[in-house]
Structure formats: structure tokens, C-alpha cells
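For reference, the structure discussed in these notes is given below.
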Number of protein chains: 2
Amino acid sequence: MKKRGAPAADGKIVLTEGKTRTGGQAVRMIDVANAANVSLMTVSRALNEPSKLSEETRKLVLDTVRRIGYVPNHIASNLASARSNVVGQIVPSIQNSLYSHTIQGSSDVLRAAGMHLLLADSGYSLDEEEALIGAFLAQRVCGLVLHNTAHTPRAVQIIRQAGIPIIETGDLVHNPLDMAISYSNFNASKEMTLYLAARGYKSIGFVCLATRNNLRAKERLKGYNAALTALGRARNPALVREVEGGLTSGAHAMTDMMQRAPEVDAIFFAGDVLAVGALFEAQRRNWKVPERIAIAGFDDLDILRHTVPRLTCLNLPRLEIGRRSAEAVLQRLRNDGPVMPGRLDLGFEIIQREST
Amino acid sequence: MKKRGAPAADGKIVLTEGKTRTGGQAVRMIDVANAANVSLMTVSRALNEPSKLSEETRKLVLDTVRRIGYVPNHIASNLASARSNVVGQIVPSIQNSLYSHTIQGSSDVLRAAGMHLLLADSGYSLDEEEALIGAFLAQRVCGLVLHNTAHTPRAVQIIRQAGIPIIETGDLVHNPLDMAISYSNFNASKEMTLYLAARGYKSIGFVCLATRNNLRAKERLKGYNAALTALGRARNPALVREVEGGLTSGAHAMTDMMQRAPEVDAIFFAGDVLAVGALFEAQRRNWKVPERIAIAGFDDLDILRHTVPRLTCLNLPRLEIGRRSAEAVLQRLRNDGPVMPGRLDLGFEIIQREST
DNA sequence: CTGTTAGCGCTTTCAG
DNA sequence: CTGAAAGCGCTAACAG
């Protein structure tokens with residue numbers, strides 16, 4: 001009777017005086033078993049549930065593993081166990097430092113748990129996101145962290161079918177697919193506007209990214225408008241602009257707005273690096289900040305702390321969002337039930353600095 | 001005779017009036033085959049080599065796939081085919097914008113090729129990198145993009161055994177494990193120093209990250225020294241500093257150096273955001289840049305174009321490095337031979353702006 | 001063009 | 001505590 005699982009007859013593995021040569025072929029678990037004179041299952045246990053083996057056997061196996069340079073095949077392991085140790089994360093842009101903070105957060109937590117991060121960016125496109133979700137599900141990720149809170153109908157459908165934990169992080173939506181872990185864009189924007197009013201600014205401008213196809217920007221604009229309403233101030237279209245991202249864009253938005261509405265005395269840049277671009281432009285034109293024009297930003301980018309003047313902004317829990325998202329996935333995987341609340345508000349704070 | 005591959009008797013899949021319910025269980029290829037009344041292989045072909053099927057059959061199968069919401073299991077596919085569609089990338093830090101550009105580059109290329117990116121950061125630690133390499137090989141990545149050019153002996157060993165394409169991107173090393181795709185830190189640093197000398201600066205300071213455990217920083221320091229030698233200038237320890245990364249750190253380095261060596265008239269910050277930190281500090285102290293002190297940076301961060309004055313720096317092909325690395329992996333996978341040259345120099349350029 | 005057979009490397013389950 | 005059998009969901013290789 002042929003011994004099951006014996007090394008392939010073509011001799012992929014050659015043991016020579018205690019050293020291993022693999023000729024590009026991977027060492028398999030069965031090779032370790034043969035080398036250590038135990039069964040394949042014993043090797044599997046030594047690696048996965050070491051406590052269930054005698055210390056002697058365990059040591060023998062683990063030594064052999066090291067000696068012949070065995071690297072477990074998690075692909076096979078995942079298939080056999082119908083489990084996965086990979087979490088997928090999709091962000092609008094990898095380069096954007098805001099998202100890289102969130103990515104760092106999930107990466108840290110996953111790594112500590114022996115899990116891995118499959119990463120992709122949707123380029124701010126819903127269709128691309130849908131394609132990526134499909135591709136990630138095909139990779140049998142055990143959880144998915146999305147930034148978007150809007151999705152194509154088909155994306156929603158395949159997500160629902162997948163039955164894995166899904167975290168949405170871009171906004172604290174009221175009806176998440178599964179869980180939302182974020183801060184409220186609406187509240188953040190509203191509070192900052194109220195704060196500027198409290199500082200005495202009479203004519204507060206608002207600049208954000210295109211609200212079309214961008215729920216976050218939309219919420220921020222709503223927050224700004226809600227603040228105006230609360231303050232009993234009228235809306236003025238000349239004080240609101242939707243622009244593209246980027247430093248240059250922020251600079252233009254400021255100069256344009258000051259031309260069209262010279263009474264503006266503060267501008268809240270609710271997106272990206274717009275505020276920084278505006279500040280640099282003000283430096284260039286020798287406009288005093290905040291005397292001539294006060295500037296507030298959204299995210300607490302590292303440089304905002306170092307510009308002259310330092311920039312007032314919101315402090316959003318970007319890193320923490322990543323961490324908590326990964327933790328939520330892990331927790332759901334362990335308990336296999338919706339233990340977490342559907343929404344986790346990580347809050348925000350206003351950081352007052354010299355620019356307002 | 002029991003029909004092989006029939007749906008499990010417990011009826012995981014229930015087809016009801018053309019709709020699918022999966023109850024959390026995944027639809028398998030065999031379910032598609034049964035639903036379409038073809039063999040499993042036909043489904044496999046419809047998905048992977050559609051040209052080998054009659055249009056009729058292909059359409060039938062693909063429609064069925066959509067109808068019952070089948071998502072292929074790439075884990076199983078990878079195992080069976082001994083191929084993988086995942087490339088691993090390990091960077092020192094995910095948050096650092098320099099690396100996120102490189103990540104974006106590889107992500108873009110991989111995505112276009114239908115491959116995926118498994119990402120992790122080593123936190124600048126060689127041991128952590130070793131652990132990650134092991135973990136990624138266990139995931140059977142089909143290629144590996146590393147930033148480090150130094151590795152632990154064990155990391156080198158398991159990489160060699162893996163027999164997959166490896167790209168090192170942090171420096172244009174002379175003896176890469178497999179392929180190096182980068183620019184030369186030595187040359188970049190040397191050229192910038194020579195450029196500053198050509199601009200008329202007599203006493204050029206140099207600030208970089210700790211050279212211990214950081215080959216890139218070491219090469220940059222060597223480049224600076226080589227330039228001094230070429231210029232026939234003496235080395236002055238007071239003009240060289242190794243510091244931690246960060247804006248604050250750059251600010252301190254500058255003030256310290258100007259105190260210890262007041263004759264310094266230009267400083268080359270060969271790392272991270274040090275130059276920006278120094279510039280902001282100069283603004284704060286009202287030191288004229290470049291009149292009192294010229295400042296040059298290493299990487300062309302987005303903000304360097306917008307500061308006042310704009311900062312002279314090197315333009316390094318960060319994004320391109322990511323792209324070309326991913327492309328190199330793909331090419332090697334296709335040709336299965338070392339077609340690429342071992343080293344690919346993507347060059348750099350000096351961007352002269354107002355700060356020097 | 002379509003189907004059948006035999007695994008990929010591992011875990012699960014059940015026996016001892 | 002250790003081992004044997006039976007797949008995980010898919011593809012390679014060969015047949016028709």
C-alpha cells in the first residue's frame with residue numbers, strides 16, 4: 001500500500017546532511033512530518049494548538065520545522081478551515097494622509113492579532129468600490145473596512161450576502177450596512193462654524209469638496225448651514241464654495257471668495273489641505289491671518305501645528321477609527337454575533353490655534 | 001451512484017423563484033454548474049478562459065453566475081493552481097507620505113492587472129520585517145516589494161527559498177536579493193550638496209536621520225561627505241547632525257547648528273519633513289531664507305511647493321518606484337525568468353526654488 | 001467544445 | 001495525547 005502523503009516521487013525535497021534544498025518548491029507539512037517521524041496531524045497541532053501535544057513531541061516538531069525551513073501554507077489552511085486571516089480595507093485614496101492614518105490604525109491592530117490587511121483604493125468612485133468589494137470577497141476576506149458610506153446597489157447586495165463584518169468609517173451614518181465607526185461630519189462642521197461665530201466672526205465663509213457623490217462633504221455643508229440657522233444668520237451663496245482638493249484649490253477658493261464677498265472675515269475650509277493652501281496664499285499676499293481673514297481647517301494635519309500662524313482645526317480620530325474598526329472586525333469574528341452597537345461615535349474636538 | 005459534487009444534502013442553497021438565499025453560506029461553483037445544467041469545469045472555463053467556450057454556453061453560465069450571486073473563491077483557486085494573485089509590500093511606515101506614494105503606485109498597477117496588495121509596515125525594525133516576510137510567504141504572495149535593503153540573515157534565507165520575485169526599493173543597492181528599483185541615495189545627496197556649493201554657499205550643513213540601522217541615511221551622509229571631498233572642503237562635525245524625524249526635530253537641528261557653527265549659510269535636510277520644520281522655525285524667528293540661511297530638502301513633498309519661500313529639494317520618483325516594482329513583479333511572473341536587469345535606476349532631479 | 005479524474009496542502013472529525 | 005480518513009472549492013491534465 002502506498003503511504004499516503006509521502007513526498008512526491010520526483011523528489012522535490014532533498015535532505016542532505018541536515019540542510020534543506022527546495023529547488024524553488026515549497027516544503028509541505030507532510031515533509032516536516034516525515035522528517036520528524038510523526039504524522040502530519042501532529043505537525044499541524046504543533047503549529048496551531050501546541051498545548052495539545054506533549055512537550056517532547058512539540059519541541060521535536062518545531063525544531064524540525066525550523067531545520068527544514070517550513071513555511072505554513074495559509075492558503076490551504078484557510079480553504080480547509082473555511083476561515084480567513086485577511087481583512088480588506090478600501091479607502092478613497094491611499095496617498096491621502098488622512099486615510100493613511102486610518103490604514104495605519106487597522107494595520108497595527110490586525111498585525112498584533114496575526115491577521116493581514118488587503119488594501120485598495122477606490123479613487124473616490126462607487127463603481128470602482130463595487131468592483132473591489134467583489135474582488136475582496138473573492139479573496140475570502142473575513143471582514144471589510146470601507147470608508148464610503150454610500151455604495152452601489154449591487155455592492156450592497158453582495159456585501160449582505162457575504163455575511164462578514166463590515167465597518168463603514170467615513171461618517172457616522174444612521175443606518176450602517178453593519179457597523180459605523182466614525183465621527184459625525186455634520187456635527188463637526190456645525191460646531192466649528194458655531195465656534196467661529198463665538199469668536200466674533202460675522203461673515204463666515206465655507207469651502208468644501210464637491211458634494212455630488214460625496215456624502216461627507218454633503219454632511220459638512222449641512223452642518224455649516226445648520227449652524228447658520230441656529231445663529232439666526234442668513235445663508236449667502238457667495239460665502240459657500242465647492243472645490244477640488246489640493247493646496248492650490250484652497251488658495252483660489254480664498255481669493256475668489258474675498259473678491260466676491262469682501263466682508264468675509266473668516267473661512268472654514270472643510271476638506272483636505274484646502275486651509276493650508278489658503279494660509280500659504282495669505283502669507284504670499286501679506287494678508288494678516290487672522291486679522292484680515294481668519295482660517296480654520298478640518299483635519300489636524302501635522303503641518304497645521306507648525307505653520308505661521310498655527311491653524312485652528314478639528315481633531316478627528318483618524319488613527320483611532322482604523323484601530324477600532326479592526327478591533328470591531330476581530331470581535332465580531334470571535335463572538336460571531338452583533339455584539340457591537342451599530343454605531344460608534346469616536347467624537348472630535350476643536351483645536352484652537354492662532355489663525356482664528 | 002451518488003453524483004459527485006452535488007449540493008450538500010443539508011441544502012445550503014435554496015433556489016426560490018429565481019432568487020437566491022444563501023443563509024450566510026457561500027455559493028460554490030458546483031451550485032452554478034447544477035443551476036445551469038453544465039459541468040463544474042464549464043463554469044470554471046466560463047470564468048477563466050471564456051474564449052474556449054461556445055458563446056451560448058458562456059452566456060448561459062455567466063447569466064447563472066449573476067443570477068445566483070456566485071462569488072468565485074480565489075483561495076481555492078490559488079491552492080489548486082499553485083498560483084497567487086496577491087503581492088506583498090512592506091514599508092517602514094504606512095503613515096509616512098513618502099511611502100504612501102510608493103504604495104499608491106504598486107496598488108494602481110496591481111489593481112489594473114487584477115492582482116491584490118497585501119500591505120504591512122515594519123516600523124523601521126528589521127526583526128519586524130523578518131516576521132512579516134514570513135507571514136507574507138505563508139500567505140503565498142506571488143511577489144514581495146520591500147523598502148529595506150538590509151535584512152536579517154533569516155529573512156534573507158527564507159526569501160531565497162521562496163523563489164518569488166523580490167523588489168527592494170529603498171536604495172539602488174549593488175547586490176540586490178533579486179531586483180532593486182530605486183534611485184541612488186548617495187548620488188542624490190552628493191548632487192544636492194554640489195548644487196548648494198555651486199550656488200555659492202560656503203558652509204553647508206547636513207542633517208539626516210540616524211544612520212544606525214538605516215542604510216538610506218548612511219548613503220546620504222556618504223554622499224554629502226563625498227561632495228565635500230570633491231569640492232576640496234574639510235569636514236566639520238559641527239555641520240553634521242543626525243536627528244529623529246519630524247517637523248520639530250528639523251527646527252531644533254537648524255537652531256542648534258546655527259548656534260554651534262554660526263558661519264553656516266545653508267543646510268541640506270536629507271530626510272523626511274525636517275526641512276519644512278526648519279523653514280517654519282525660520283519664519284517664526286524672522287530669519288531670512290535664503291539670505292541668512294538657505295534650506296534644501298530631500299523629498300518633493302507637496303507642501304514644499306507652497307511654503308514661503310518655496311523650498312528647493314530633490315524630486316524622487318516615489319510613485320514611479322511603486323509602479324515599476326509592481327510591473328517588475330508581474331513581468332517576472334509571466335516570463336518566469338530574470339529578464340529584468342538586477343538594478344533599475346529611476347533617477348532623481350534637483351528642483352531649484354526660492355529657498356536656496 | 002465539454003466532461004472526468006485526481007489532486008493542491010491543509011483542517012476537521014472521528015478513532016484509538 | 002496521537003493518528004487515519006475525508007474533504008475544503010477549485011484547476012490541471014487528459015479524454016471524448
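It should be emphasised that the depicted structure is a prediction, and the values quoted were computed from it without experimental measurement.
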Original post:
Nearest nucleotide by nearest heavy atom, which residue falls closer to the 5' end of DNA chain C, A:Asn48 or B:Ser39?
Top reply: B:Ser39
**OP:** Check every strand shown and say whether B:Ile75 touches a base, only sugar-phosphate, or nothing at a heavy-atom separation below 4.0 Å.
**Re:** nothing
Subject >> Side-chain N or O of A:Ser54 closer than 4.0 Å to phosphate OP1/OP2 of D:dT2 >> reply: yes
**OP:** Using a 4.0 Å heavy-atom cut-off across all strands, classify B:Arg45 as base, sugar-phosphate, or nothing.
**Re:** base
Original post:
Is any side-chain nitrogen or oxygen of A:Ser81 closer than 4.0 Å to OP1 or OP2 of D:dC8?
Top reply: no
Original post:
At under 4.0 Å, does any side-chain N or O of A:Arg83 touch on OP1 or OP2 of D:dC8?
Top reply: no
Subject >> Pairwise 5' ranking along DNA chain C for A:Tyr70 and B:Thr42, keeping only the more 5' one >> reply: B:Thr42
Original post:
When the distance from CG of B:Asn73 to P of C:dC8 is rounded to whole Å, what number comes out?
Top reply: 18 Å
Original post:
Is the phosphate of D:dT11, meaning OP1 or OP2, less than 4.0 Å from a side-chain N or O of B:Ser77?
Top reply: yes
Subject >> Between P of D:dG7 and CZ of B:Arg28, the distance in whole Å >> reply: 13 Å
**OP:** Would you tell me whether A:Ser125 and A:Ser122 have side-chain atoms, one donor and one acceptor, within less than 3.5 Å of each other?
**Re:** no
Subject >> C:dT11 phosphate, OP1 or OP2, under 4.0 Å from A:Ser44 side-chain N/O >> reply: yes
Original post:
Between C:dT11 atom C1' and A:Asn85 atom CG, what is the distance in whole Å?
Top reply: 14 Å
Subject >> Whole-Å gap separating C1' (C:dT2) and CG (B:Leu40) >> reply: 12 Å
Subject >> Heavy-atom side-chain proximity of A:Leu146 to A:Ile159 below 4.5 angstrom >> reply: yes
Original post:
So which one's nearest nucleotide on DNA chain D is more toward 5', B:Leu79 or B:Glu49?
Top reply: B:Leu79
Original post:
Within this structure, what is the CD1-to-P distance between B:Ile30 and D:dC10, rounded to whole angstrom?
Top reply: 9 Å
Original post:
In whole angstrom, what separates A:Asp31's CG from C:dG9's P?
Top reply: 9 Å
Original post:
Across the strands shown, which category fits A:Leu53 at heavy-atom distances under 4.0 angstrom: base, sugar-phosphate, nothing?
Top reply: sugar-phosphate
Original post:
Which of the following nucleotides, D:dT11, C:dG9, D:dG9, is nearest to the side chain of B:Met41?
Top reply: D:dT11
**OP:** Could you check whether B:Asn78 gets within reach of a base, just the sugar-phosphate, or nothing at all, counting any heavy atom under 4.0 Å?
**Re:** nothing
Subject >> Intermediate values then yes/no, salt bridge (Lys or Arg N to Asp or Glu O under 4.0 Å), B:Arg28 and B:Asp31 >> reply: CA-CA 5 Å; B:Arg28 296 154 305 166; B:Asp31 302 315; 3.1 Å; yes
Subject >> With A:His151, the side chain to side chain donor-acceptor pair (under 3.5 Å) member among A:Gln157, A:Glu129, A:Glu130 >> reply: A:Glu129
Original post:
B:Lys52 NZ to D:dC14 C1': how many Å, rounded?
Top reply: 12 Å
Subject >> B:Cys142 vs B:Met115 side-chain heavy atoms within contact, under 4.5 Å >> reply: yes
Original post:
Between the side chains of A:Asn85 and B:Gln139, is a donor N or O closer than 3.5 angstrom to an acceptor N or O?
Top reply: yes
Subject >> Nearest-angstrom distance from the residue atom CE of A:Met29 to P of C:dC10 >> reply: 5 Å
